[in-house]
Amino acid sequence: MFIQKFKIQGESMEPAYKNGDHVLIWKYGKLKTGDVIIFKKNALTMIKRIHKIENNRFTVKGDNWQKSDENFGTLEKNEIVGKVILKYA
């Protein structure tokens with residue numbers, strides 16, 4: 001499936017993405033700094049913004065740094081489910 005939908009849980013991406021918002025993600029295409037992605041790490045599915053790309057590894061951060069858990073390290077491309085392309089209610 002090229003496009004998937006997800007429901008946001010948590011406050012780490014506020015104010016742009018709030019708890020309960022829904023997003024569509026696209027599984028293909030080039031990723032760049034500033035893109036918002038859904039990824040899986042340690043059995044969790046999370047939403048964060050790409051902060052840095054170096055040697056095909058991705059550092060991500062939440063927009064709401066006061067509520068964001070940042071202790072999952074860098075991501076490999078295969079951990080990324082897709083790029084957020086649309087937010088809807």
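Remember, predicted model here, so these are calculated numbers, not experimental data. Numbering of residues begins at 1 and proceeds along the displayed sequence.
- Relative orientation of the Trp26 and Phe2 rings is tilted, given thresholds of 30° and 60° on the angle between their planes.
- Side chain of Lys41 to main chain of Thr74: a donor-acceptor pair is present (N/O by atom type, distance under 3.5 Å, no hydrogens or angles).
- Relative to the ring axis of Phe39, Lys48 does not place its NZ or CZ within 45° and under 6.0 Å from the centre.
- Note that the CD1 atom of Ile25 and the CD atom of Gln4 stand 4.5 Å from one another [nearest 0.5 Å].
- For Asn78, the CG atom is densely surrounded, since the number of other residues' heavy atoms within 6.0 Å is greater than 12.
- For the pair Lys5 and His22, the minimum side-chain heavy-atom distance is 4.5 Å or more.
- No donor-acceptor pair under 3.5 Å is formed between the side chain of Arg49 and the backbone N or O of Lys61.
- The side-chain heavy atoms of Ile47 and Tyr17, taken from C-beta on, include a pair separated by under 4.5 Å.
- Counting only heavy atoms from C-beta outward, the side chains of Lys83 and Ile50 never approach each other to under 4.5 Å.
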Give the C-alpha distance, both sets of side-chain angles, the deciding distance and a yes or no for side chain to side chain contact (heavy atoms under 4.5 Å, CB included) between Val36 and Val23. CA-CA 10 Å; Val36 177; Val23 295; over 6 Å; no
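- Smallest separation of non-hydrogen atoms from Lys30 and Asp35: O-OD2, 4.0 Å.
- The closest donor-acceptor contact from the side chain of Asp21 to the backbone of Ile8 lies at 3.5 Å or more, if one exists at all.
- For Lys87, the NZ atom counts as densely surrounded, since its 6.0 Å shell holds more than 12 non-hydrogen atoms of other residues, nucleotides or ligands.
- Taking every heavy atom of both residues into account, Val81 and Lys40 meet most closely at CG2-CG, 3.8 Å.
- Phe6 and Leu44 are not part of a single hydrophobic cluster, where members link through side-chain heavy atoms under 4.5 Å apart.
- Rounding to the nearest 0.5 angstrom, the gap separating the CG atom in Leu75 from the CD1 atom in Ile37 is 5.5 Å.
- With hydrogens and angles ignored, the 3.5 Å screen pairs a side-chain donor or acceptor of Asn19 with a backbone N or O of Gly10.
- By the 4.5 Å heavy-atom criterion applied to side chains, Ile38 and Val84 are counted as neighbours.
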